[in-house]
Number of protein chains: 2
Amino acid sequence: MNTEGTRRDEIINTATKLFKEKGYSAVTMRDLATAMGMKAASLYNHINSKQEILKAIIISLAEEFTQGMDIIKKSDQTAIEKLNLIVALHVDITTKNPYGMASLNNDWMHLEGQLEYYLGLRERYEKDFVSIIKSGISSNEIVDTNPEVVMFSILSTLRSLYLWIPRKEEINAKALAQNLSDVLINGINK
Amino acid sequence: MNTEGTRRDEIINTATKLFKEKGYSAVTMRDLATAMGMKAASLYNHINSKQEILKAIIISLAEEFTQGMDIIKKSDQTAIEKLNLIVALHVDITTKNPYGMASLNNDWMHLEGQLEYYLGLRERYEKDFVSIIKSGISSNEIVDTNPEVVMFSILSTLRSLYLWIPRKEEINAKALAQNLSDVLINGINK
DNA sequence: CACTCAAACTAACAAGTGTTAGTTTGATGT
DNA sequence: ACATCAAACTAACACTTGTTAGTTTGAGTG
């Protein structure tokens, strides 16, 4: 038994790139096979279905976010500091797998068996996020605005990071997270 | 000749909703026909191709943004005021056609004949946006941060509005634009 | 009534879809 | 030399795709 899953992982990585460019539905198994330098039927020596690939991409990412949020919400930090940690979490996960984030954002509705599970994780994440903002408002750290608008605004930016991070190799993750935190939390008004 | 294009418009509106839910590639002409209460072949009495529908949805929206930006950039306003106008522009267009915004954001890459034209409009829009931010930094209205990070942050939120506006019938456009401007420009730190 | 015409229909097409079954290849360890 | 086995292959399947051609329907108009 050698390093398990290597060939399968290559297929999933290649699929992730293709899905990011055209979306899950527009990528055929023959497209994927060509990109891998093989015939479509050969893919099935390593994976069981196209759907399984999508699941492998999305669910692991969604669980990473859930775990990150669990740690942050339990941590003994101010609300603002927790928001900074959320920004860092997104920058970190997105830097490691920017293409996968495209599927997470755009192709989750094509999950067949795990759609409910995914939606559950997502709802939970957003609830935790809003809770942190609300507690920051209560503790007078955060201005008293609609907490959902605040979450929406921050989360939209963080969810779009995958579009931006690949072009920004020059900037490192820590600097980007700091820069984003500044803009998102302190605003841009002088 | 009666009110021209009615039936065609109904088809495009129906398609817009379907595209928002599953994406362009995953919606078949038979799906669309069923939603219209007719057979797939009948659609072709009103439209010439599936591609034409996508083009009708995306290009008109992209041109609306371009026109809006042209007016804003020529206007005699401070940079911050121009940013407020951009927020209002997005809220306005998205409120009128939230489903179409989903295609604009997620299915532009499936444009076949007009891809270059679309990308040109988009690039121009982003350049104008960055220019406004830079001029705000020069005039000391805006904090001296990376202008592209600022644009990215604001634009990500504005581009995601389509996900949010349909659930928020209670809030009116003007109030939402004001609320967003506050959060995006002044930040949330107290 | 006969004519027109938009808008639906049925039937079919060629190409492409995900997937299965069975077979060949070639490197590895005995 | 032989057996093994992952990993590729060829061939084919049942079904779906966008689209075309030709036909029928039915309301409105002279």
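Residue numbers begin at 1 in each chain, while the letters A, B, ... track the order of the sequences.
- Between the side chain of A:K20 and the backbone N or O of A:A15, no donor-acceptor pair lies under 3.5 Å.
- The interatomic distance linking A:I11 (CD1) with C:dT19 (C1') rounds to 14 Å, in whole Å.
- Taking the side chain as every heavy atom from C-beta outward, A:F152 and A:S156 approach each other to under 4.5 Å.
- A straight line from CG of A:L54 to P of C:dG18 spans 13 Å, rounded to a whole angstrom.
- Within 6.0 Å of NZ in A:K73 there are more than 12 heavy atoms belonging to other residues, nucleotides or ligands.
- Regarding A:Q51, its CD atom lies at a distance of 12 Å from the C1' atom of C:dG18, rounded to whole Å.
- Judged by distance alone, with hydrogens and angles left aside, A:N45 brings no side-chain donor or acceptor close enough to the base of D:dA6 to form a pair under 3.5 Å.
- Against DNA chain D, the stretch residues 23-43 of chain A makes heavy-atom approaches under 4.0 Å through A:R30, A:M38, A:K39, A:A41, A:S42.
- In terms of modelled atom types and a separation under 3.5 Å, the side chain of B:Q178 and the main chain of B:K174 share no donor-acceptor contact.
- Counting to the nearest Å, the C1' atom of D:dG18 and the CG atom of B:N48 are 13 Å from each other.
- A:R8 has no side-chain polar atom (N or O) that falls below the 4.0 Å cut-off from OP1 or OP2 of D:dA7.
- In this structure, the NZ atom of B:K22 is 13 Å from the C1' atom of D:dT17, given to the nearest Å.
- Here A:H46 does not reach the OP1 or OP2 of D:dA6: none of its side-chain N or O atoms lies under 4.0 Å away.
- With rounding to the nearest 0.5 Å, the separation of CD1 in B:I59 from CH2 in B:W108 is 12.0 Å.
- Between the side chain of B:N97 and the backbone N or O of B:G100 there is at least one donor-acceptor pair closer than 3.5 Å.
- Rounded to whole Å, the distance from OH on A:Y44 to C1' on D:dA6 is 19 Å.
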